[in-house]
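What follows is a short report on a single structure.
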Amino acid sequence: MPETRRRGNALIRFDNVTKLYPNQALPALQDLTVEIEKGEFVFLVGPSGSGKSTFLRLVLKEERPTSGRIRVAGKDLHRLSNWKVPHLRRRIGTVFQDFRLLPNKTLFENVAFALQVIGKSRRQINRDVPAVLELVGLDGKENRLPDQLSGGEQQRVAIARAFVNRPLILLADEPTGNLDPATSVGIMKLLDRINRTGTTVVMATHDQSIVDQMRKRVIELDAGRLVRDQSRGVYGYTR
Amino acid sequence: MRFQYVFSEVVTGLRRNLTMTLAVVITVAISMGFLGTGLLLRAQAETMKDYWYDKIEISVFMCNAFDKGAGCAGGQVTDEQKAKIEQTLTSHPEVQSVFYESQDEAYQHFREQFQNSIADTITPDQLQEAYRVQLGNPEEFEGVVSAVAGLPGVHQVVDQRELLEPFFDVINGLQWAAAAVTAIMVVAAVLLIANTIRLAAFSRRRETGIMRLVGASNFYIQLPFILEAAIAGVTGAVLAAAGVVLVKALFIDGRLAKVLEFVAWVDWNDTLEIVPWLMVSGVLLTAVAAFLTLRRYLRV
Ligand SMILES: Nc1ncnc2c1ncn2[C@@H]1O[C@H](COP(=O)(O)OP(=O)(O)OP(=O)(O)O)[C@@H](O)[C@H]1O
Ligand SMILES: [Mg+2]
């Protein structure tokens, strides 16, 4: 069972959140109440269409809830004006199944891009990018283009890009979905290392063996409803 | 790094959408060209007004012994009637000066104008005494005309402005036509810019998607697009300004002024004053069109 947590202090907090997309009969999330503390590592599991990606998009304020309240890093997202949304996103790193790298930029440029476009100085970029590339184990491959890298390496670049600005939260939407099991383990070790630096990691996944091995908190959704919230959980009871 | 990024984005963007950018440049050039034409016509009308209105006067012709009609029932105008007319004119606030012209003086002027046989068949008593009236503000002729038109002894009041009116009507009409074409071309330019931006936003959706994700500000995401549009706008406006300058140099100075020497033509000062307006309008037109389009296609 979930432990009782101190209310109001959570890094991510959903209060009775319902999300109904336009022209949809059923809500993607229904009356979801959940809290995620600073420093946690959380798996978001559930069948396809259960609302995992919707959850992550709501945290980023890419979507707005139909009803309910969302707080992220002390900010009430409902009251956060549009022009402040970029500042919220600077504190959140995001990784996707399909990597989303820029194909005509080198590995170094792809990571540097994330700092450039938020106005960081060249000095800072030249300091932070090599450091994060070393962290993800890609030092020495700075000048490769994405199509000269394996899938696992491309995902490391994406993680480096998400983490280079040292975000409070790292959101990962099926980051191992395109990778073979051995490569996936490498990616999970990397996410674990990032989590140990104090960054909260929320990862949506279908990967049963990973969830079962890592033994982290598991939030399970089904048709938009919270059906399980278990610390040190496994992928599913019935398998 | 920031400026370098913006600059390189603008350059690649312009190159990638070269055909669309050229189309935007051309429509902006045409619309600003018509705006420039309209402004040039306006300056021309002003120049001619300044030139003519100095010389324009109202002429109050008074009855001679042969005149018939309402004011001339008493035959030749009497001294009391003249005194009353002169007093009415001089006391009117819009009147600047009044000159009296006797029948003999009218005859002198007539002979000077028509130095041929007609002058010999005319005698002074067939001509009319007149007051030549200069107005402070030539636009205010109507009040003066109506003040003296009905007085006894007044045969006819001629406002020389009326003679120029058709001329100004033509210029006015041309100005409206230029304004209408400008409006249509501006609409065309805005639609084309919107479409160009839409394509550009689509072709760069990968970059802009990542920028949004990592928290780049809207302004920063939109800046390269807006600058691109503004550069196309400046280029178009420069072409239009060059067109206006060429019209002044080759058409007005080179042809019209030589054929119609008695007309006052717009000078270089008036012409060059139009250029900054074209620049500002061109840039605003494209930048605002780009900004409004981006609000739809690059949401947070
Ligand atoms: N933009 C959208 N417009 C309308 N409906 C949407 C949209 N995005 C998601 N949905 C619907 O919302 C529900 C939840 O979708 P979501 O993508 O959150 O599921 P998921 O758990 O991430 O699924 P998967 O495991 O397949 O990625 C689905 O029924 C989906 O069809
Ligand atoms: Mg999903």
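Nothing here was measured: the structure is a model prediction, and the numbers come from that model. Numbers restart at 1 for each chain; the letters A, B, ... are given by sequence-line order, proteins then strands. Heavy-atom basis, side chains included; hydrogens, waters and symmetry copies ignored.
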Subject >> Enclosure of B:Phe34 CZ (heavy-atom neighbours >12, cutoff 6.0 Å) >> reply: no
**OP:** For the residue pair B:Glu207 and A:Val117, establish whether any side-chain heavy-atom pair is separated by less than 4.5 Å.
**Re:** no
Original post:
Is atom NE2 of A:His78 surrounded by more than 12 heavy atoms (other residues, nucleotides or ligands) closer than 6.0 Å?
Top reply: no
Subject >> Nearest-0.5 Å distance, CG of residue B:Leu213 to CD1 of residue A:Ile92 >> reply: 9.5 Å
**OP:** Mind checking side chain to side chain contact (heavy atoms under 4.5 Å, CB included) for B:Thr293 and listing every partner two or more places apart, or none if nothing turns up?
**Re:** B:Ala194, B:Ile197, B:Tyr297
Original post:
More than 12 non-hydrogen atoms from neighbouring residues, nucleotides or ligands closer than 6.0 Å to CZ on B:Phe168, yes or no?
Top reply: yes
Subject >> Shortest non-hydrogen separation from A:Arg161 to B:Ile210 and the atoms involved >> reply: NH1-CD1, 3.3 Å
**OP:** With the side chain counted from C-beta on, respond yes when A:Val85 and B:Arg212 share a heavy-atom pair under 4.5 Å apart, and no when they do not.
**Re:** no
**OP:** May I ask you to decide if B:Gly215's main-chain N or O and A:Arg90's side chain share a donor-acceptor pair within less than 3.5 Å?
**Re:** yes
**OP:** Give a yes or no on this: more than 12 heavy atoms of other residues, nucleotides or ligands lie within 6.0 Å of atom CZ of B:Phe251.
**Re:** no
**OP:** Over all heavy atoms of both residues, which pair between A:Leu101 and B:Arg206 is shortest? Give the atoms and the distance, please.
**Re:** O-NH1, 3.6 Å
Subject >> B:Val214 versus A:Ile118, closest heavy-atom pair with distance >> reply: O-CG2, 3.6 Å
Original post:
Heavy-atom count around A:Arg91 CZ within 6.0 Å, excluding the residue itself: above 12?
Top reply: no
